[in-house]
Structures are given as C-alpha cells and as structure tokens.
Number of protein chains: 2
Amino acid sequence: MTAVTGNVIVGQSGGPTAVINSSLVGVFKTAKDRGARKVYGMVHGIQGLLEGRYVDLEKHIKNDLDIELLKRTPSAYLGSCRYKLPDISQDRAVYDKIFEILEKLEIEYFFYIGGNDSMDTIKKLSDYALLNGSKIRFMGVPKTIDNDLAVTDHTPGYGSAAKYIGAITKEVIRDGLVYDQQNVTILEIMGRNAGWLTGAAALAKCEDCPGPDMIFLPEIPFDVDDFMKKVAALHEKQKSVVVAVSEGVKTADGKYVCELTDGIDFVDAFGHKQLTGTARYLAEKINREVGCKTRAIEFNSLQRCASHIVSRVDITEAFQVGGAAVKAAHEGETGKMIILKRVSDDPYICVTDIYDVHKIANVEKKVPFEWINESGDYVTEDFVNYIKPLIQAELTPIMTDGLPRHLYYTDVEGEETI
Amino acid sequence: MTAVTGNVIVGQSGGPTAVINSSLVGVFKTAKDRGARKVYGMVHGIQGLLEGRYVDLEKHIKNDLDIELLKRTPSAYLGSCRYKLPDISQDRAVYDKIFEILEKLEIEYFFYIGGNDSMDTIKKLSDYALLNGSKIRFMGVPKTIDNDLAVTDHTPGYGSAAKYIGAITKEVIRDGLVYDQQNVTILEIMGRNAGWLTGAAALAKCEDCPGPDMIFLPEIPFDVDDFMKKVAALHEKQKSVVVAVSEGVKTADGKYVCELTDGIDFVDAFGHKQLTGTARYLAEKINREVGCKTRAIEFNSLQRCASHIVSRVDITEAFQVGGAAVKAAHEGETGKMIILKRVSDDPYICVTDIYDVHKIANVEKKVPFEWINESGDYVTEDFVNYIKPLIQAELTPIMTDGLPRHLYYTDVEGEETI
C-alpha cells in the first residue's frame with residue numbers, strides 16, 4: 001500500500017462518551033502507522049477550526065502509556081462543539097475559510113468523530129470539496145451514547161453507557177431494599193427522543209436482581225394516570241418499587257412530563273416558572289397521591305463520562321471505527337461514515353463497513369416498536385439480547401494513588417493558531 | 001483457645017455502605033472458624049429481632065464463592081433499621097422481650113454493625129445484661145460512610161465512598177471542559193453535619209486534574225453572598241468552575257441553604273412549599289445572577305452503594321473489624337466497639353483495638369477546624385493525607401455477563417420467626 005504522505009486532521013463533536021477518545025486514538029495511531037506526516041486535532045471541533053485553533057497530536061500522545069491513558073480518559077480530549085454548518089448555498093464564506101485553513105495545514109484527510117449532527121458536517125464539507133475540485137477526503141467516525149445513528153448496528157459509546165446504567169441500577173435496586181419500609185424509586189435516564197439508554201436499565205434484571213419493575217421509553221406516549229395506577233398496584237404487593245423513565249417521555253398531546261404541573265405553575269426558588277425533572281415530578285406526585293417514601297435519582301452526566309466502568313467490547317470498537325475511517329479515506333473514500341455490522345449474536349461478531357453519510361446525517365434511529373412490550377412499560381427480550389454483547393468485558397482503569405488516571409489536559413496546552 | 005460453643009447473632013443497622021456486608025462476612029467466618037454452633041442474622045436489625053425475625057446465615061453463605069460475592073454486595077444484606085431503644089428505666093418490657101428471644105435462640109454473642117445510633121443499642125443492651133446477670137456479650141462493629149464515629153481513626157465504609165467521590169469528581173470535572181462555553185457545576189455531596197465525604201472531593205486534585213475549585217463543609221457557616229462573589233470571580237478567569245458543597249451547609253443563623261428561598265416561597269409542581277436541593281438552589285441562583293450555564297449534580301445514594309468501585313483497604317478493614325469483634329467477645333469483652341488505630345501513614349499501618357461503647361454512642365465526630373483552610377472554602381493537605389491511604393487499591397467486582405455480580409437476596413428468603 002502507498003503511504004499516507006499528507007497531513008491528517010481529526011475533530012470531536014457533539015456530546016462526549018466514555019470512549020470517544022478511544023476513537024481519537026484509533027485515528028491517530030492508524031494514521032501514523034500508515035505514514036501520515038502530521039496528525040492535527042481541531043480544538044473544539046469545526047467551531048474551533050474556524051477560529052484556526054488546533055493542536056499537533058504528537059505533542060500530546062508521546063508513547064504507548066499516553067495511548068492507554070487517552071483511551072481511558074473521559075470527555076472529548078480535544079474539546080467538542082455543537083456547531084451546524086450553514087447550507088453551502090447560503091454562506092460560501094464559511095466554507096472558503098475552512099478550506100483555506102485546511103490548505104494551509106496541508107490537510108489530505110479530515111476525520112470527524114460525532115453523531116448525526118456531526119455527520120451533517122461531513123456531508124456538507126465533502127459535497128463542497130467535490131463541487132470545488134478539492135482533493136481532501138472527509139470521513140465520519142460514529143459516536144454517541146444515545147445509539148440513535150441510522151444504518152450502523154449500534155454506536156460506540158452506547159455499550160459503556162448501557163453497562164454503567166445496568167451496573168448502578170442493580171446497586172440502586174439493592175439500596176431500595178435496605179429498610180423495612182415501602183418506597184418507590186424513579187430513575188431518570190438520558191435520551192430525549194430515543195429510548196436506547198433507558199431500555200438498558202433492563203440489563204439489571206438477572207439471576208441476582210429482579211431488575212426495574214417498569215421501563216418507559218420516549219417512543220411511547222406516556223399516560224400519567226395509567227402510570228400512577230400501575231405504580232400504586234406494584235406498591236400494594238411489594239416493598240420496594242423501582243421504575244426507569246426516559247428524561248424525554250411525553251404525554252399523548254406531545255407535552256414533556258417534566259413540563260407538567262397539574263395546572264399549578266411550578267415556581268422555583270426565585271419565583272420564576274421553570275421545569276422540574278421528569279423523575280422529580282413523578283416522585284413528588286407518587287409521594288402525595290400514593291403516600292409513600294419516594295426517591296428521584298437522575299443518572300446525570302455520569303452516563304457519558306463514567307470511564308471507570310467501560311465495556312471492553314465498546315472501547316475496542318471505538319478504536320476500530322477510528323482506524324477503519326483512516327483506512328477507508330486512504331483507499332479513496334470520502335463523504336462516508338464507518339458503520340458497525342453485526343455478523344452474529346452468539347458468538348458476537350461485528351465488523352466495520354462504510355456507508356454514504358448523506359443517508360445518515362440528521363436521521364434519528366429510535367427503538368423499534370416490536371422491542372417494546374404491548375403495555376408499553378418494558379422492553380422485550382430481543383432488546384436485551386441486542387444490548388448484552390455490547391457491555392461485555394472491561395478495560396481496567398489505570399489506577400494511580402487509588403483513582404483512575406487520565407491523560408493530562410488543559411484547555412490551552414500546546415494549542416496553536418493560524 | 002476454648003471454642004465458641006453457643007450461638008451468635010449479628011445485625012446491620014443505620015444507612016448502608018458499599019462494604020457493610022464485608023463486616024457481616026467477617027463476623028460470620030470468624031465465628032464459624034472459632035466453633036460457633038449457629039450464626040443467626042437479624043432481619044432488619046433490632047427492629048426485626050423484636051418481631052422475632054431472623055435467618056440462619058449458613059443457609060445463605062454456603063461456600064467461598066458466596067463469601068466473595070457477599071463482600072462485594074452493596075446495601076445491608078440482612079436489611080437495616082433506624083430504631084432507637086427506649087431508656088431501660090422507661091420501658092423494661094422491650095428489653096425483656098429482646099432477651100427472651102435471645103435466650104430462645106441460645107445466643108451467647110451479639111454483634112451489631114452500625115454507626116453512633118447503633119452503638120447506643122449496644123450500650124443499652126450490654127448495660128441491661130449486666131443489671132440482670134445475663135451472660136450474653138454485646139459488641140459493636142463500626143460502619144458508616146459519614147466517618148463521624150468518635151475515637152476510631154476512621155470508619156469502614158468511608159474509604160470506599162471517598163474513593164467513589166474522588167473518581168467521579170475527576171470525571172465530572174473533565175466533562176465540564178468539553179464545550180468552549182463557560183459553565184459552573186455544583187456537586188452536592190452527602191454528610192448532613194460532618195464534612196468528611198464532601199472533603200473527599202479534594203482527592204480529585206492530582207497530576208491529571210485541577211480538582212474542584214472550592215469545597216464547602218457543614219462545619220463552617222455558609223455565607224451565600226460571599227459564595228456568589230467567589231464563584232463570580234472564578235467565572236471571570238476560567239471556563240469551567242466546579243464547586244463541591246455538603247448537602248448540610250447552613251447559614252450563620254442556622255438555616256439550611258436548601259431551605260433558603262430569597263423571600264419567595266418555593267412551590268413545587270403541586271403547589272406545596274418544599275425544599276429544593278442545596279446544589280439546585282445554588283446553581284439556579286448562579287444561573288440568574290452570574291448568568292452562565294450551570295449544572296447541579298447530586299451524587300445521591302450511589303455514595304453508599306457503589307460497590308463496583310470499592311477501596312481494597314476499606315473492604316479489608318471492614319472484614320477485620322467484624323472478625324476482631326468476635327475475637328474480643330470470645331475473650332470476654334462486652335459493651336465495647338472495635339476501633340481502628342492508625343499506627344503510621346507511610347507506610348499505612350492500621351490495627352484494631354477495643355473501646356468502651358459508652359464513650360462512642362451518640363457522639364458525632366466532625367472535621368477538625370485545622371483541616372479546613374482559613375477562607376473556609378477548601379480542605380487542607382493534612383485532610384487529604386488522612387484520606388489517601390483509605391482509598392488505596394481495589395477489590396475487583398466478580399463480573400457476570402458484563403455486570404458486577406452480587407449475592408442473591410430476597411426480603412423473605414429463608415427468613416424464620418419465633
């Protein structure tokens with residue numbers, strides 16, 4: 001094979017995951033192995049690049065230990081952004097500027113690690129390159145804990161988030177049994193529009209744990225009265241009730257449950273109307289109407305940064321999609337995203353492939369209805385069988401002085417500007 | 001040594017920890033090794049025992065794997081309670097009933113794993129035994145994530161909670177740097193009256209992490225205006241600000257910060273006045289007055305049940321105090337609690353000793369003022385040096401199908417009643 005002789009640039013975009021930096025390492029290491037002269041990193045994605053902000057990754061990743069540490073480092077090492085490029089027809093200037101910067105840096109290969117919004121960036125940049133006869137190749141590397149990317153079997157980042165959710169759900173269920181007192185716990189799990197993460201709470205159901213009693217995904221309209229009836233019925237027959245709800249559950253008329261106020265304005269400590277959390281709203285309502293002890297637990301941002309308990313399958317695949325993107329670009333591909341294709345469940349075999357980014361950008365993949373039970377309050381066995389392989393095995397953190405060690409980072413370290 | 005010929009009973013009381021079951025195993029195994037006929041477990045502590053509820057632990061712990069699983073199982077395996085015995089002078093009947101049950105079960109040794117309220121139970125029962133010529137020996141086994149027990153250098157359960165807090169604080173700090181956008185994160189950490197857990201956030205400050213910017217313990221009156229000034233100043237000079245506050249911080253006039261409403265009643269979704277969380281209150285206030293993106297993150301009950309990341313030092317000591325209690329009782333002690341005595345910091349050497357429970361019961365140990373900095377917004381190096389040895393090393397979870405495995409438990413399994 002001919003070597004990659006030009007320069008490479010890679011960026012991270014959108015919400016982070018516990019393994020997004022493993023994809024960064026996959027791009028870096030594969031590009032270097034293939035002879036890339038320079039591997040640059042965009043600081044805060046395309047937004048930072050527009051300001052000419054970048055780093056020379058070799059100054060950050062100096063040895064194999066750095067590679068192992070970076071793989072295990074949470075949050076986007078290069079910094080991320082939520083920046084949507086305008087349509088080419090609307091504003092050519094932005095594109096001219098980006099390409100001018102890329103030319104200055106002598107970039108031949110451009111990699112963007114992100115979700116469906118980020119793939120829109122790859123789509124537009126690769127289109128612009130074709131229109132203007134630029135030889136730069138643009139490839140998308142999939143990433144999101146939400147698992148809502150089209151075409152690919154799943155997305156790197158999802159498996160580790162699911163493993164974290166399964167593990168702490170087991171622990172919280174135990175915790176709910178400690179006192180001889182009836183109680184209801186509502187777990188609020190991320191995923192505004194797709195229930196992939198909330199459904200992962202079902203992983204807690206195994207030989208040593210009953211699992212959550214009910215699971216509510218945003219794909220199904222949420223009936224508050226029906227929910228209250230079901231909770232009351234469970235409360236009748238068992239000491240501790242644990243329910244997982246998506247932060248994004250909506251009523252039939254399209255209102256977010258966290259916006260409901262039973263006709264009374266929710267006024268915060270400052271007298272301003274504001275939204276309470278979905279779990280807090282439901283826990284308060286149960287406390288008042290069913291009259292038992294309730295807890296609302298938000299799994300919060302740990303879902304996207306709990307690198308202390310990642311899935312080895314996930315972090316390995318995250319590395320692989322980065323490497324596959326470099327290989328594909330090197331072989332002439334552009335305007336594509338790497339996808340994961342599951343060959344078999346048992347044994348779990350998954351390979352990478354490439355797919356036209358135009359068919360992926362801005363598309364949101366939801367949980368199929370056949371993976372939600374008829375009463376709309378749990379996921380099916382098929383759903384669980386789909387996730388299980390993705391949470392297998394661990395990549396032990398590198399512990400220093402009792403805590404997981406990460407690759408050192410400051411916002412400015414070694415940052416260059418043109 | 002003569003063998004333990006009679007029966008043993010052990011109970012768990014108060015809030016759970018990630019390693020409380022390691023102490024249960026320490027009592028069970030040591031008692032069996034010393035020849036105890038039966039080792040019973042109280043179901044839901046003294047409260048359950050009063051209802052005659054108990055289990056035969058040998059039916060639960062059948063082999064070495066069960067022992068290893070139970071050590072790694074979060075929440076109190078036997079179930080816990082928050083039950084305070086009346087004074088003997090007030091209500092002898094309760095005591096007569098307890099001793100009648102203990103006689104029926106032919107108990108010679110009584111062990112209670114808990115905090116300072118639970119030690120009050122040991123105190124009263126051992127006093128009653130002395131007054132009434134009962135030969136039953138009563139020993140306390142220290143346990144609490146709050147680390148607020150007197151005399152002992154620290155309490156089993158604290159080290160693992162501190163390790164968890166340190167690890168996720170590092171992850172959350174990284175997560176706050178992901179976007180090129182100024183933000184303030186408030187971490188709400190457990191510990192209503194003592195700041196031991198909140199101070200543990202300082203562990204995040206190490207070579208690869210700046211650590212939280214400020215830490216506020218309940219030992220120091222909380223000045224909201226001063227706090228706002230400091231946050232605003234930090235916000236001026238850095239992108240991401242992370243502050244750890246105890247759930248129990250109070251103003252100079254003794255009002256909990258979570259009770260403050262700036263003169264406006266806090267009305268929840270149901271129109272009832274209620275308390276917001278300390279972190280939520282402060283985050284909202286910063287959002288309004290400093291005008292930046294804010295996050296409030298409650299570390300919640302995971303602090304007491306995150307058995308997926310425990311300290312090996314802690315879980316080992318938890319086992320040891322259980323064993324030491326059996327040994328001491330066997331050698332004739334009663335009305336005592338096992339304490340931990342630190343012999344040296346480097347290398348860390350800690351031994352067990354016994355101490356009169358009368359001097360420990362109901363006493364709350366706070367963070368010494370000399371371990372809090374002058375401006376009252378951080379802990380000192382001495383504080384950090386005190387905790388560091390307690391979070392060292394791990395006890396790897398036993399993973400089954402991608403998740404930590406626990407010892408199976410149902411509320412009723414094998415429960416017996418007399």
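Proteins come first, then strands; the chains are lettered A, B, ... in the order of their sequence lines, and each starts at number 1.
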Taking C-beta and beyond as the side chain, do A/E298 and B/E298 meet within less than 4.5 Å on heavy atoms? no
A/P74, A/C305, A/S75 screened by side-chain contact (heavy atoms from CB on, under 4.5 Å) with B/V178, the one that passes: A/S75
Under 4.5 Å from a heavy atom of chain B, the part of A/T73 involved: side chain
Any luck finding a side-chain donor-acceptor pair between B/Q392 and A/D401 under 3.5 Å? yes
Using heavy-atom distances under 4.5 Å, tell me whether A/L203 contacts chain B through its side chain, its backbone, both, or neither. both
Do the side chains of A/D180 and B/R53 get nearer than 4.5 Å, heavy atoms only? yes
Heavy-atom distances under 4.5 Å only: say whether A/S311 touches chain B with side chain, backbone, both or neither. neither
Highest number of heavy-atom pairs under 4.5 Å with chain B among A/Q12, A/R304, A/R312 belongs to A/R304
Residue from B/G15, B/S80, B/G176 scoring the most non-hydrogen pairs under 4.5 Å with chain A is B/S80
A/Q238 portion near chain B, given a 4.5 angstrom heavy-atom threshold: neither
Tell me, for A/A18 versus chain B, whether the close heavy atoms (under 4.5 Å) come from the side chain, the backbone, both or neither. neither
B/D175 and A/P16 have their tightest heavy-atom pair at OD1-CG, 3.5 Å
Rounded to the nearest 0.5 Å, how far apart are CD1 of B/I309 and CG of A/L403? 7.5 Å
Greatest number of heavy atom pairs closer than 4.5 Å to chain B - which of A/P389, A/G14, A/P397: A/G14
After noting the C-alpha distance and the side-chain angles of B/I168 and A/L302, does the key distance pass the side-chain contact (heavy atoms from CB on, under 4.5 Å) rule? CA-CA 8 Å; B/I168 67 172; A/L302 265 298; 3.8 Å; yes
If you define the side chain from C-beta out and look only at heavy atoms, does anything of A/H406 sit under 4.5 Å from B/C209? no
Side chain A/D208, main chain B/L407, donor-acceptor under 3.5 Å: no
Tell me, out of A/A167, A/G48, A/A393, A/S240, who's got the most heavy-atom pairs with chain B below 4.5 Å. A/A167
Can you confirm whether B/K163 sits close enough to A/H308 that some side-chain heavy atom of one is under 4.5 Å from a side-chain heavy atom of the other? no
Work out which heavy atom in A/L177 is nearest to a heavy atom in B/H44; give both atom names and the distance. O-CE1, 3.8 Å
Got a second to check how far A/Y408's OH is from B/C206's SG, nearest 0.5 Å? 10.5 Å
Most heavy-atom pairs under 4.5 angstrom with chain A, which of B/Q47, B/R82, B/K388? B/R82
Proximity breakdown for A/I391 and chain B, heavy-atom pairs closer than 4.5 Å: both
Please tell me whether B/R295 and A/S301 have a donor and an acceptor in their side chains that are separated by less than 3.5 angstrom. yes
